[in-house]
2 protein chains.
Amino acid sequence: MNLQSPESLPPELRHVIIHRELEPKESLFQQGDEAKAFYVVETGRLKLVRYTSDGKEVTFPIARRGEMIAEIALFSDTYPYAVIAEVASRVIIYPKQPILTALRHNSELAEDFMAMLVQKIHDLKIRLELRDIRAAHERVLRYLQYMAQLSEQTTITFDRPLKDIAVDLGLTPETLSRALTRLEREGIITRTRLQIKLQNLSAA
Amino acid sequence: MNLQSPESLPPELRHVIIHRELEPKESLFQQGDEAKAFYVVETGRLKLVRYTSDGKEVTFPIARRGEMIAEIALFSDTYPYAVIAEVASRVIIYPKQPILTALRHNSELAEDFMAMLVQKIHDLKIRLELRDIRAAHERVLRYLQYMAQLSEQTTITFDRPLKDIAVDLGLTPETLSRALTRLEREGIITRTRLQIKLQNLSAA
DNA sequence: CGCATAGTTGACTACGCTCAACCCTGGTGG
DNA sequence: CCACCAGGGTTGAGCGTAGTCAACTATGCG
């Protein structure tokens with residue numbers, strides 16, 4: 001049972017979910033809208049946009065397939081931010097009341113949901129930790145090590161452009177590029193296009 | 001019913017929880033230890049430390065009373081990081097199996113737990129968003145606005161030293177100090193010690 | 001009264017950002 | 001098949017700002 005793959009859900013929940021296709025720039029919901037559902041990304045790439053009281057906006061990327069969007073909706077009346085598709089995307093819609101009811105009555109589902117939340121917390125912490133590493137090349141290296149660890153490989157293949165990785169890391173594409181060439185020059189990684197191989201995981 | 005205040009818990013859960021006092025520098029658990037419990041901070045201040053494969057360490061502050069620690073333990077076999085008390089601290093211990101059982105059988109408790117997790121995700125996202133604001137004074141201002149919004153006040157009183165705030169914001173104390181004096185000089189805030197008042201929430 | 005710690009201020013440095021030019025690749029159309 | 005174009009990636013030069021180090025002040029506690 002898994003909220004990321006609806007076909008595994010129990011029938012009473014499976015038939016209340018809807019899919020929605022979004023075109024580039026189309027918004028899934030606006031900041032302040034009534035919180036009616038939470039979502040899971042099926043395909044595409046979206047971003048979260050928050051408008052602050054002084055009118056500026058802060059954005060936050062939502063990239064990965066299977067990522068939850070607006071889980072806060074379940075425990076809040078309105079959305080505290082807007083979500084906008086960056087490219088054509090497809091999401092699963094879980095309407096608030098039905099999913100809350102299902103979570104209450106189906107402990108297995110609730111457990112899966114909790115595990116997803118916990119995982120997300122872990123991911124966010126990692127990302128925040130990375131930001132505390134000032135030196136770009138070290139931050140990138142730590143990121144690569146983390147990715148390698150996840151996939152249990154020493155070679156990482158990116159499924160999206162480096163400039164997207166850069167914003168995830170809080171760097172500009174230029175700085176990321178320089179950091180990678182530096183790591184390569186120092187013999188810590190080798191790379192071909194979007195493939196990067198870590199050389200010696202043990203050494204400093 | 002609330003995991004942050006044990007007296008509100010049902011008896012079957014209340015009598016399995018334990019409290020633990022930690023002295024400064026004492027560790028709650030080590031990275032790689034078997035995940036036996038998750039925790040909630042009652043008093044004090046702790047930090048999370050992760051040792052990377054190349055021996056360096058990355059830390060992460062855990063400050064607030066009521067904050068959960070190691071919720072990942074519930075869905076993982078080992079702790080992926082260590083937690084160490086920075087000052088004398090006291091935590092509630094929720095042993096893994098009993099709490100998992102309670103969450104399965106008590107949907108109200110599960111809902112409270114999910115709400116806590118969702119809230120934590122929200123907090124982490126906000127913190128991550130703040131890091132994307134490069135200019136120190138703007139980052140600080142955004143942080144102050146966010147704090148003010150939470151407490152629905154225009155005056156913020158800090159319960160911990162500014163240098164702790166600084167690390168939360170990813171700044172050095174010196175830079176935070178300069179940012180605050182700048183905001184004050186520009187008439188955006190006024191302050192006395194650890195009290196800060198936002199002047200005009202509307203203007204840029 | 002003195003000590004420890006927090007906070008402030010100053011001078012200098014370093015590193016990431018910005019802007020700009022250029023290369024390379026892949027896709028499209030004549 | 002080549003010409004063109006668009007986007008990603010790389011490289012370079014210069015700048016700005018946060019970090020670092022150090023000295024000093026303020027505050028609170030024994």
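Computed over heavy atoms, backbone and side chain alike; hydrogens, waters and symmetry mates excluded. Order of the sequence lines fixes the chain letters, A, B, ..., with proteins taken first and strands second; residue numbering starts at 1 for each chain.
Taking atom CG of residue A:Asp164 and atom C1' of nucleotide D:dG7, one finds them 12 Å apart after rounding to whole Å. A:Ile133 places its CD1 atom 16 Å from the C1' atom of C:dC15, with the value rounded to the nearest Å. Across the protein-nucleic acid pair, B:Leu171 atom CG and C:dT8 atom P stand 14 Å apart, rounded to whole Å. The distance from atom CG of B:Leu194 to atom P of C:dG7 is 6 Å, rounded to the nearest whole Å. Separating the CZ atom of B:Phe158 from the P atom of C:dG7 is a distance of 11 Å, rounded to the nearest angstrom. Regarding A:Arg139, its CZ atom lies at a distance of 14 Å from the C1' atom of D:dG19, rounded to whole Å. What separates CZ of A:Arg185 from C1' of D:dT11 is a distance of 13 Å, to the nearest Å. Across the protein-nucleic acid pair, B:Arg182 atom CZ and D:dA18 atom C1' stand 12 Å apart, rounded to whole Å.
For the residue pair B:Thr157 / B:Gln195, a side-chain donor-acceptor distance below 3.5 Å is found, with atom types taken as modelled. In summary, the side chains of B:Ser89 and B:Glu21 do not present any donor paired with an acceptor at a separation below 3.5 Å, with no hydrogens or angles considered.
Taking the salt bridge (Lys or Arg N to Asp or Glu O under 4.0 Å) definition, one finds that B:Glu174 meets it with nothing, sequence neighbours left out.
The side chain of A:Ser177 approaches D:dT11 more closely than any other nucleotide in the set C:dG16, D:dG19, D:dT11. Checking C:dG16, D:dT10, C:dG7 against the side-chain heavy atoms of A:Leu162 singles out D:dT10 as nearest.
Heavy-atom contacts from other residues, nucleotides or ligands closer than 6.0 Å to CD of A:Glu7 number more than 12.
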**OP:** Show your working on salt bridge (charged side-chain N to carboxylate O under 4.0 Å, His left out) between B:Lys25 and B:Glu86 and close with a plain yes or no.
**Re:** CA-CA 6 Å; B:Lys25 311 252 178 195; B:Glu86 293 197 300; over 6 Å; no
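For residues 112-148 of chain A, the pairs satisfying ring-ring contact (aromatic ring centres under 6.0 Å, His included) are A:Phe38-A:Phe113, with sequence neighbours left out.
Residue-level contact check: A:Pro161 touches the backbone only, with heavy atoms under 4.0 Å from sugar-phosphate atoms and none from bases. Residue contacts for B:Leu176: at a heavy-atom cut-off of 4.0 Å it reaches no nucleic acid atom on any strand shown. As judged by a 4.0 angstrom heavy-atom cut-off over every strand, A:Arg191 is placed among residues touching the sugar-phosphate backbone only.
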Any N/O pairs under 3.5 Å between the protein and nucleotides 24-30 of chain D? List them or say none.
| unit_1 | atom_1 | unit_2 | atom_2 | d |
| --- | --- | --- | --- | --- |
| D:dG28 | OP1 | B:Arg193 | NH1 | 3.0 |

Dump every N/O contact between nucleotides 3-5 of chain C and the protein below 3.5 Å, one line per pair.
none

Would you tabulate the nitrogen or oxygen pairs shorter than 3.5 Å linking the protein to nucleotides 20-22 of chain D?
| unit_1 | atom_1 | unit_2 | atom_2 | d |
| --- | --- | --- | --- | --- |
| D:dT20 | O4 | B:Arg178 | NH2 | 3.1 |
| D:dC21 | N4 | B:Glu174 | OE2 | 3.2 |

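In this structure, B:Thr181 contributes its side chain and B:Arg178 its backbone to a donor-acceptor pair below 3.5 Å. Of the possible donor and acceptor atoms, one in the side chain of B:Tyr94 sits under 3.5 Å from a partner among the backbone N and O of B:Leu3. Here the side chain of B:Tyr81 pairs no donor or acceptor atom with the backbone of B:Thr59 at under 3.5 angstrom.
The end-to-end axis angle of the helix from C:dC1-D:dG30 to C:dG30-D:dC1, rounded to 10 degrees and based on five pairs per end, is 40°.
A:Arg139 is not listed as a side-chain neighbour of A:Arg142, based on a closest heavy-atom distance of 4.5 Å or more. In this structure, B:Glu129 and A:Leu48 have side chains that are in contact, with non-hydrogen atoms separated by less than 4.5 Å. Between A:Lys96 and A:Lys36, every side-chain heavy-atom pair lies at or beyond the 4.5 Å cut-off. Contact of the B:Leu74 side chain with the B:Leu103 side chain is registered, since non-hydrogen atoms from C-beta on lie closer than 4.5 Å.
Of all heavy-atom pairs between A:Ile189 and A:Leu198, the closest is CG2-CD2, 3.7 Å.
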